[in-house]
Amino acid sequence: MDPTTVAARLTPEALAPLVRALFVSEEAAAEAGVPDDRPVPLARLVAFRGEKPALSGEDLEALAGRIVAIAAPDEAAARPVAGALARTLGVLGASGLDDWQAVQLPPTDFAHRLRAAAPEAERGLSADGRALLTAVLDVVAVHLLYFLTQRSDFVARTLEDETRQLAEQAAPGPRSDGTSAPAAPADDAAFEERFARDTIVLHNHLTIFGIDLAHSPDSWPLDAAYLGLQCERGQPRLPATPDEQRDPGPQAPPVPAEQALAGLDRVLVRGVAGSGKTTLLQWLAVATARGELPAALAGELRGRVPFLLPVRRFASRSGIPSPAGFLAAMGYPGADAQPAGWAERVLRAGRGLLLVDGVDEAPEDERERLRLRLRGWAQQYPGNVWVVTSRPSAVPEDWLAADGFTELRLAPMSREDVAAFIQRWHRAAAQQSPADLDRLGHYERTLLNAVRITRDLGRLATNPLMCGLLCALHRDRRGYLPSGRKELYDAGLSMLLERRDRERAMVPTDAIDLPRQPKIQLLQKLARWMLVNGRSEMDRDVAVDTLGRHLPAIPDAARQGDADDVYRHLLNRTGLLRETTPGTVDFVHRTFQDYLAARATVQQHDFTLLLDHAHHTEWEDVIRMAVALARPDECATLLNGLLAPHAGVRAAEARHRKLLAAACLEHATELDPEVRGRVQRFTRDMMRPTTPAGARALGWIGPIVLEMLPDPAKATNSEAYLLALTATSIGDDMAIDYLTGLRERPHLDVRAQLASAWRRYDTERYAREIIAHLDDAELYFPVSDLEELHALRRLGGRPHLQIAGRFTPDQLIEGIVAEPLTRLWLSYDLGVPMDWLAAFPRLETLLVGSRLPRPAGVPEGIEVVEL
């Protein structure tokens with residue numbers, strides 16, 4: 001039930017008499033000696049308490065039933081909701097509040113307090129029933145508090161502002177100060193319908209890089225192109241010191257984002273560049289606006305109003321907005337048409353879905369202000385759902401934990417995800433180019449094989465952005481792919497800047513026809529300006545002025561037009577820039593901005609700039625790319641500078657710089673062996689992690705860390721577990737060689753970590769070299785796809801299995817060896833009854849993940865354990 005519809009039906013005329021009936025009459029109050037000139041406990045005012053209550057329990061339930069019937073006359077769930085409302089209203093007399101204290105609470109807080117005092121009232125209600133109860137109680141709370149102000153001269157006189165506000169909410173009309181009154185619920189409902197439609201139009205699309213080369217659109221419908229993302233419990237990517245990190249507990253397998261988000265109302269999602277953070281929020285906004293939510297999220301998000309707030313658009317320009325400024329900060333074209341106070345009412349009613357995208361795109365000195373604002377909002381507007389995103393290292397671990405936020409991390413794409421993305425990409429391309437169907441089918445098959453067997457490509461294909469680039473380049477180059485990250489970005493720029501218009505049979509429409517290199521040089525100037533100024537977007541006027549200052553040095557561009565002409569050409573024809581709102585411009589993806597900024601800085605030999613900022617997390621990718629672009633002597637300068645003491649750098653930041661130097665080694669194509677050895681000597685002692693979080697964070701450095709880890713044969717069991725965490729955090733098959741030194745360890749934590757990492761590596765090789773050697777005593781073996789399921793079958797099965805991927809019952813019955821299986825752990829909601837478990841006669845225990853619904857149809861004799 002839509003809360004605005006409930007509010008529209010529960011008019012003051014219908015509701016006021018029913019609310020009044022909850023309290024003793026004025027005559028009865030006077031006889032009982034209830035004063036009206038000082039605070040009175042609610043227990044003395046309600047009509048259903050005392051020796052001879054005027055309102056019996058049956059009367060109270062009947063009254064609640066009348067209220068619910070007005071709000072939802074056709075609702076099948078009305079009767080249980082009426083009972084729940086009666087039990088909730090019944091705690092009014094036991095709340096411990098007096099009328100003066102109650103009226104000081106916002107109505108939504110008052111309603112929340114009543115619900116919290118009667119948790120058993122909602123037991124047995126469906127998700128729709130709970131939503132209806134919340135909507136009804138929010139409206140009733142306004143009228144309850146308004147009645148208290150009308151009853152007591154003391155309250156009305158002492159809390160004048162609160163009394164006036166409650167009067168306006170209970171009976172909208174002209175305000176005492178002459179300003180316009182809040183919009184009526186019907187006005188809110190009409191605007192929300194329009195806003196929902198516009199949200200779907202604005203966000204139901206995404207760019208899949210490279211498909212737009214041949215007579216095809218620049219973006220694709222979100223519901224057709226969205227690849228379900230997976231989340232795992234968030235971990236820091238580069239800790240200040242290992243000892244500062246707490247133990248986050250066992251690493252659960254990644255689960256679909258909708259399952260990870262289920263039941264959470266405050267979430268911080270971390271993800272690397274290109275991992276799909278913005279796409280995830282777009283999908284949440286569109287699915288909520290449409291009302292087409294997966295079952296795991298339907299109960300929590302149905303009926304909510306999504307606000308998708310890109311931090312880049314407001315943090316460094318207009319400042320962090322108030323609710324009234326949300327729509328303007330979003331760039332919503334109908335912002336001026338919103339009813340006065342609408343966003344505030346949505347948040348006060350606890351009906352908002354706040355999607356705050358890209359904390360890392362706020363200047364570093366603004367992030368603390370943003371955190372305080374998020375804290376203030378969450379406290380001021382309880383009941384709303386908050387999802388905040390950031391790059392992993394932009395904010396500290398537990399940045400919002402004190403405010404009740406749970407941290408999740410977008411998991412790297414699994415082999416199955418990569419294959420699904422490649423197949424979907426080629427299907428989408430075939431729809432736009434039917435004549436190329438056979439050729440695209442060939443490209444799809446060869447790319448799937450290349451990503452599977454080629455180490456460098458497998459390491460690159462870990463997120464949607466990189467997968468899209470690989471697909472586009474593979475097609476553009478007729479089956480040839482560059483092998484390294486630098487080569488990939490160079491090829492991507494060539495494709496977008498030089499071949500894009502030619503492939504789309506476009507002719508110059510603006511009298512400007514620039515070769516690839518001048519375009520890159522000009523784009524680099526804009527990217528460098530953003531880097532130096534700590535911005536992820538710039539004013540259009542600043543961009544034009546920046547181009548104007550550099551045009552004289554680029555004759556190919558200068559002779560074809562002025563700075564304004566060149567700006568429009570770069571915006572319209574390169575595919576790399578976009579105007580997010582009128583008057584502002586940014587790069588289509590931060591990765592391209594960082595890469596172009598690194599190119600510009602290396603060309604200017606401004607390594608001092610890089611070293612001065614190396615301890616700032618937003619410069620990490622720029623520095624790594626600079627090492628890939630620099631000449632050998634320049635690489636040595638950068639790496640030696642990262643190791644050397646630096647003025648004003650704290651000890652934790654100095655450690656960060658040294659680890660960054662180690663992470664840069666894999667990007668240096670040519671480097672003095674003495675410099676490489678020096679980096680390894682400086683960082684070798686840091687490769688002995690002391691906590692689980694610190695161990696996982698070392699995986700950020702990449703495969704080079706495997707050369708510096710100590711010999712696992714000489715480690716204690718606790719040390720071996722930490723080494724296993726580090727090695728399995730490196731998504732490269734090179735790690736398998738190191739992990740073979742740990743596979744014979746009997747310690748359960750070590751074996752569990754090795755088993756849980758299977759999905760990150762080549763299935764057959766990992767099964768052969770690691771899984772087959774693990775002692776299966778008390779160990780759950782996770783299976784996330786059919787390949788793993790079949791590999792484990794070939795090994796003869798195992799007694800304890802963990803289902804960590806989407807399977808059908810038939811696939812599990814066929815793939816699991818029935819004889820040894822005694823325990824099954826479900827980490828993934830299969831969405832079907834469990835009667836198929838009868839195929840496993842020795843199965844004794846079914847474990848169910850904490851966020852999954854209790855399974856139905858479990859055969860007798862199988863114990864169900866909820867984790």
Side-chain angles (χ1 to χ4, degrees), residues 1-8 104-113 115-116 130-131 134-142 145 161-162 165-166 168-170 172 181-185 187-196 198-199 264-268 281 284-285 288-289 300-311 314 318-330 332 334-335 337-357 370-388 400 403-405:
M1 173 60 66
D2 183 7
T4 56
T5 303
V6 171
Q104 290 186 92
L105 294 171
T108 51
D109 290 1
F110 183 58
H112 179 75
R113 184 160 181 161
R115 289 181 65 186
R130 289 194 298 272
T134 301
V136 170
L137 193 59
D138 283 347
V139 179
V140 170
V142 173
L145 297 178
D161 289 342
E162 288 82 352
Q165 290 171 13
L166 287 166
E168 290 170 346
Q169 292 182 59
D187 296 330
D188 284 4
F191 179 75
E192 283 181 27
E193 288 181 9
R194 169 188 167 184
F195 180 63
D198 291 344
T199 295
L264 300 177
D265 58 1
R266 300 181 188 181
V267 186
L268 172 63
L281 297 194
L284 285 171
T288 302
E300 187 69 32
L301 299 186
R302 182 180 290 122
R304 292 189 179 274
V305 179
F307 297 95
L308 180 48
L309 297 163
V311 173
F314 62 77
S318 56
I320 301 168
S322 64
F326 278 2
L327 298 192
M330 294 164 57
Y332 176 58
Q338 64 179 309
W342 166 72
E344 177 83 14
R345 285 191 293 280
V346 169
L347 298 186
R348 286 286 183 194
R351 297 194 299 112
L353 170 60
L354 285 300
L355 306 168
V356 183
D357 188 29
L370 178 57
R371 186 179 73 84
L372 294 175
R373 176 56 67 92
L374 287 170
R375 170 183 292 177
W377 279 338
Q379 293 174 348
Q380 187 177 358
Y381 305 116
N384 296 286
V385 174
W386 304 82
V387 184
V388 181
L400 292 171
D403 304 308
F405 280 74

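The model shown is predicted, which means the values in this text are computed figures rather than measured ones.
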- Query: With sequence neighbours left out, what residues match F110 under ring-ring contact (aromatic ring centres under 6.0 Å, His included)?
  - Reply: none

- Task: Could you tell me whether a side-chain N or O of R373 sits under 3.5 Å from a main-chain N or O of P321, the two making a donor and an acceptor?
- Result: yes

- Message: The criterion is salt bridge (Lys or Arg N to Asp or Glu O under 4.0 Å); which residues satisfy it with R194, sequence neighbours excluded?
- Response: D198

- Can you list the residues that meet the salt bridge (Lys or Arg N to Asp or Glu O under 4.0 Å) rule with R266, with sequence neighbours excluded? none

- Message: Using 0.5 Å steps for rounding, measure from the CG atom of L327 to the CG atom of L308.
- Response: 11.5 Å

- Output field: ring centroids W377/F326 closer than 6.0 Å: yes

- Message: Just to verify, what does T199 make a side-chain hydrogen bond (donor to acceptor under 3.5 Å, both in side chains) with, not counting sequence neighbours?
- Response: none

- Query: From L281 CG over to D357 CG, what is the distance, rounded to the nearest 0.5 angstrom?
  - Reply: 5.0 Å

- Message: Could you work out, with side chain to side chain contact (heavy atoms under 4.5 Å, CB included) as the rule, every residue matching A196, not counting sequence neighbours?
- Response: A289

- Item | Check against side chain to side chain contact (heavy atoms under 4.5 Å, CB included), V346 and F307 | CA-CA 11 Å; V346 169; F307 297 95; 4.1 Å; yes

- Message: On a heavy-atom basis, which atom in D138 and which in A349 lie closest, and how many Å separate them?
- Response: OD2-O, 3.1 Å

- Task: Mind checking the CG-CG spacing from L354 to L347? Nearest 0.5 Å is all I need.
- Result: 5.5 Å

- Message: Tell me every residue that passes side-chain hydrogen bond (donor to acceptor under 3.5 Å, both in side chains) with R115, counting only those two or more places apart in sequence or in another chain.
- Response: E122, T134

- Query: Of the non-hydrogen atoms in V385 and L264, which two are nearest, and what is the gap between them?
  - Reply: CG1-O, 4.1 Å

- Query: Hey, does the side chain of Q338 reach the backbone of A335 with a donor-acceptor pair shorter than 3.5 angstrom?
  - Reply: yes

- Query: Can you list the residues that meet the ring-ring contact (aromatic ring centres under 6.0 Å, His included) rule with Y332, with sequence neighbours excluded?
  - Reply: F195

- Item | By side-chain hydrogen bond (donor to acceptor under 3.5 Å, both in side chains) - contacts of W342 (at least two apart) | E192

- Query: Is it true that a side-chain atom of R351 and a backbone atom of R304 form a donor plus acceptor pair closer than 3.5 Å?
  - Reply: no

- Query: Among all residues two or more places apart in sequence or in another chain, which pass the side chain to side chain contact (heavy atoms under 4.5 Å, CB included) test with E344?
  - Reply: P323, R348, Q380, Y381

- Applying salt bridge (Lys or Arg N to Asp or Glu O under 4.0 Å), name anything that partners R375, two or more places apart in sequence or on another chain. D403

- Query: Between A329 and L309, what is the shortest heavy-atom contact and its length?
  - Reply: CB-CD2, 4.3 Å

- Task: For R130, enumerate each residue passing the salt bridge (Lys or Arg N to Asp or Glu O under 4.0 Å) test, keeping only those at least two apart in sequence or located in another chain.
- Result: none

